[in-house]
Amino acid sequence: QLQASGGGLVQVPTGGSLRLSCKASGGTLSIYAMGWFRRAPGKEREFVAAISRSGGNTDYVDSVKGRFTISRGYAKSTVTLQMNSLKPEDTAVYYCAAHHGSSDYVPLIEDEYVYWGQGTEVTVSS
């Protein structure tokens, strides 16, 4: 089971930063490629960022490139999404997800992920 954290009820001002974390309860994330998705109010869930199982490859949606960074933590037990220069349009519920795959593959499509966290809310105030 994946657990996403770092968001919540606190509003972050425009231009602020926030770090989201994802970990597996009772296990490790080292065997999975990991991704972050988000669902903004009234919109479909969309891909945000992903990192390969090896940690050597990453990819981002264009709207967050240069602002967000996905990385794997010590012993690959966690995956973090560092979000800088936040904008009101980043407001969404953020989900982490896990994908079984080859070491250097970066999955971009929602259907490629088999395990999902419960979501953590991020609100950026204007």
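When reading the values below, keep in mind they use all heavy atoms of this one structure, side chains included, and skip hydrogens, waters and symmetry mates.
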Checklist entry - Is the NZ or CZ atom of Arg53 positioned over Tyr105's six-membered ring, under 6.0 angstrom from the centre and within 45° of the axis? => result no
Between Thr28 and Ser77, the two heavy atoms sitting closest are OG1-CA, 4.5 Å
*List the steps and the verdict of side-chain hydrogen bond (donor to acceptor under 3.5 Å, both in side chains) for Ser17 and Asn84.*
CA-CA 4 Å; Ser17 297; Asn84 298 327; 2.9 Å; yes
d(Ser5 OG, Gln3 CD) to nearest 0.5 Å is 8.0 Å
Is there a donor-acceptor pair closer than 3.5 Å between any side-chain N or O of His99 and the backbone N or O of Pro107?
no
* Asked: If you measure from the Lys or Arg side-chain nitrogens to the Asp or Glu carboxylate oxygens, is any gap between Glu44 and Arg39 under 4.0 Å?
  -> no
Taking only Lys NZ, Arg NE, NH1 and NH2, and the carboxylate oxygens of Asp or Glu, determine whether Glu46 and Arg38 approach each other closer than 4.0 Å. yes
Worked verdict on Leu2 versus Lys23 for side-chain contact (heavy atoms from CB on, under 4.5 Å):
CA-CA 6 Å; Leu2 300 180; Lys23 65 178 181 180; over 6 Å; no
Heavy-atom check, side chain of Val106 versus side chain of Ile51, under 4.5 Å
no
Is there a side-chain contact between Met83 and Asp90 (heavy atoms, below 4.5 Å)?
no
Practice task
Kindly indicate whether the side chain of Val79, heavy atoms from C-beta on, has any atom under 4.5 Å from the side chain of Trp36.
Solution key: yes
Handout entry: Pair Phe37 + Phe47: ring centers closer than 6.0 Å
Key = yes
Item to complete: Using a 4.5 Å cut-off on heavy atoms from C-beta on, say whether the side chain of Leu18 contacts that of Leu86.
Response: yes
Taking C-beta and beyond as the side chain, do Val93 and Val122 meet within less than 4.5 Å on heavy atoms? no
Between Ala50 and Tyr113, the two heavy atoms sitting closest are CB-OH, 3.4 Å
The reported gap from OG1 in Thr58 to CZ in Arg72 (rounded to nearest 0.5 angstrom) is 11.5 Å
Side chains of Trp116 and Glu110: does their closest heavy-atom pair fall under 4.5 Å? yes
message: Can a donor-acceptor pair be found, under 3.5 Å and without considering hydrogens, that links the side chain of Ser25 to the backbone of Gln1?
response: yes
Notebook entry, point to check: Looking only at atom types and distance, does a side-chain atom of Thr91 sit under 3.5 Å from a main-chain N or O of Thr123, one as donor and one as acceptor?
Noted result: no
In this structure, SG of Cys96 is separated from CG of Leu81 (nearest 0.5 Å) by 10.0 Å
| query | Would a distance-only check, ignoring hydrogens and angles, find a side-chain to backbone donor-acceptor pair under 3.5 Å from Tyr60 to Arg67? | reply | no
- Item | Any donor-acceptor pair under 3.5 Å from Thr14 side chain to Lys87 backbone | no
OG1 (Thr80) and CE (Met34) are apart, to the nearest 0.5 Å, by 11.0 Å
Rounding to 0.5 Å, atoms CD (Glu89) and NZ (Lys43) come to a distance of 8.5 Å
Look at the aromatic rings of Phe68 and Tyr94 and report parallel, tilted or perpendicular, splitting at 30° and 60°.
tilted
Result for side chain to side chain contact (heavy atoms under 4.5 Å, CB included) between Lys65 and one of Val61, Thr69, Asp62 points to Asp62
Next on the checklist: Tell me whether the rings of Tyr32 and Tyr115 are parallel (<30°), tilted (30 to 60°) or perpendicular (>60°).
Outcome noted: perpendicular
Rounded to the nearest 0.5 Å, the CG atom of Asn57 sits from the CD1 atom of Ile70 at a distance of 12.0 Å
